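Data block below; observations after.
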Amino acid sequence: MRRTIGLSWIAVAGFAAASVGLITVLYQGVQPFNYYGRRFGFTRVLPDATAGIALFVAGTALATAICLFDAPRMAQRRMHRLDWFFALVGVLAIWALVAGFFESGRDRWVWHLACLAVLAASGWYLWATAVIRLRAGTLAQTIFWPKVFRTLPLRQFAGIFVLAVVVIATLVLVAGAQSAIQSAIRADPYYDLRLSWWLFSEWGTKVGLAGLTLVTVAVLCRSILSITAAKEAAVEARLREERFRAELITNLTHDLRTPLTSIVSYVDLIAKLDLPEPRLTEYTGVLTRKADRLKGLINDLLDASRASAGNLPVRLQPIGITEILSQVAGDFDDALTGRRLTWIGPPPSGELVWADGEHLCRVLENLVGNAAKYAAPGSCVHAELDRSPHWLRLRIANRTVEPLTVRPGELTAQFVRGDASRSSEGSGLGLFIADRLTGLMGGRLTVTVDQDRFTAAVELPVAAALPEPVKR
């Protein structure tokens, strides 16, 4: 740190020497500065012009070499992390402003020294920070507008509008600075510059308003960037929370499986014993049913966490959807008959879809099982196929005992059930798992509710029409 501070002071001394050399050249041989040099007595103190040129070159070379040598350290300072665009525009505006003050106080030597000090400090800062940023490779990182256009791309109207405003305001500022400087230079002993008038009519309207426009646009864009960053941080936090919840569920289900396996094994052993106590047989049956239900819940939790995290392998291949649907419906014959439900499926067809056989079977099991649990007893469960050029839609519809009050989008969330009383068996994960598995296969699951009519539709790419599945 001490070395950095020491080198910085040496660089400042080099720039100061270069400034003295440049002032010497101006006041010794350039009109009208040499007139004021003789008037104020500067020529008696300053060396000749040749020495001034040598001092300027030596000071500039020394300061520049130090900036190049210590650029990685100097680039960490706040003054070299300021926005490069606004530093450049700000220095230009300052030079235009100093021109007016310089001309207004040209008869006072103190005014000369003050204006020259501001010009030298701003000019050497611009030179030094450009050298340091280029050497350290931080120039592109310290320009504000590329960040804006990454958030507001030029293919959008907002990006085009911001770019147009920035370009126009910058051009107006540059032209205004040139006009203000020329207006100040035109002043002479017979045409004294009225500083207040010049500040308002020249610098204020031509440079100040353009700079204010750039600052205003930059502030608004920074607010947009802050809102976007906060939104991205919130999304990332939600994703982290979901990943944590999925990992928690996965670990929990693994921990529950070990004692549950022991319980099921011992219940099975008790059931195989020929014990005379009839109530023991009844209790064993209850334990078996509850253990099986708990085992199914644990499996659902594990599948839900894997599907949510996208950790399930997917092997897409052409599959006949009506054949798998018929097999799944056959597996639920007892459940459908027990509730006096009539299954009306689509006729056999050779329709092939791109799907993973195991995942598709699980999706259909969840949808048909959902209908078997919640359809109104004595009603019908309809399954229909609709085909578009590239997509095949399977709709499974049934009527519920009571009208559903849950929004369709909520039914595919975790642990949400249409049965608000939760009197029937179910984990509230069936539609969630079906939705995630369908998404992993490149399809889409949609749920619609119309009073007591519930419809779940699965869309999958048609294999016969496409050499590979279409991505949504």
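Because only heavy atoms are used, hydrogens play no part in the values below, and waters and symmetry mates are left out as well, while side chains stay in. This structure is a prediction, so every number in the text was calculated from the model and none was measured.
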So, do [X] and [Y] sit near enough that their side-chain heavy atoms are less than 4.5 Å apart?
X	Y	value
L460	L360	yes
L62	I66	yes
W111	F101	yes
L364	L394	yes
V447	T455	no
F15	I10	no
T228	E232	yes
W145	C221	yes

**Q.** Euclidean distance, I321 CD1 relative to L352 CG, rounded to 0.5 Å
**A.**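 Atom-to-atom, L352:CG and I321:CD1 are 10.5 Å apart.
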Q) Quick one: CD on Q178 to NZ on K206, what's the gap to the nearest 0.5 Å? A)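 Here the interatomic distance stands at 10.5 Å.
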Q: Given side-chain contact (heavy atoms from CB on, under 4.5 Å), test R222 with F144 step by step and report yes or no.
A: CA-CA 9 Å; R222 186 173 292 277; F144 174 68; 3.7 Å; yes
(Q) Checking T438 against R444: is there a side-chain donor and acceptor pair closer than 3.5 Å? (A) no
Q) Quick one: do the W198 and S104 side chains pair a donor with an acceptor below 3.5 Å? A) no
(Q) Under the rule for salt bridge (Lys or Arg N to Asp or Glu O under 4.0 Å), what residues qualify as partners of E323, not counting sequence neighbours? (A)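 Residues passing salt bridge (Lys or Arg N to Asp or Glu O under 4.0 Å) with E323: none at all.
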Take atom [atom1] of [X] as the centre, draw a 6.0 Å sphere, and report whether it contains more than 12 heavy atoms from other residues, nucleotides or ligands.
X	atom1	result
Q156	CD	yes
E236	CD	yes
R135	CZ	no

Q. Of all heavy-atom pairs between S8 and M74, which one has the smallest distance, and what is that distance?
A.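 Smallest heavy-atom distance, with atoms named: OG-CE, 3.7 Å.
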Q.
Test your reading of the model: is there a side-chain donor-acceptor pair from T129 to the backbone of Y125, 3.5 Å cut-off?
A. no
Q. Taking only residues two or more places apart in sequence or in another chain, which ones pass side chain to side chain contact (heavy atoms under 4.5 Å, CB included) with A335?
A.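 A335: side chain to side chain contact (heavy atoms under 4.5 Å, CB included) contacts with F332, A372.
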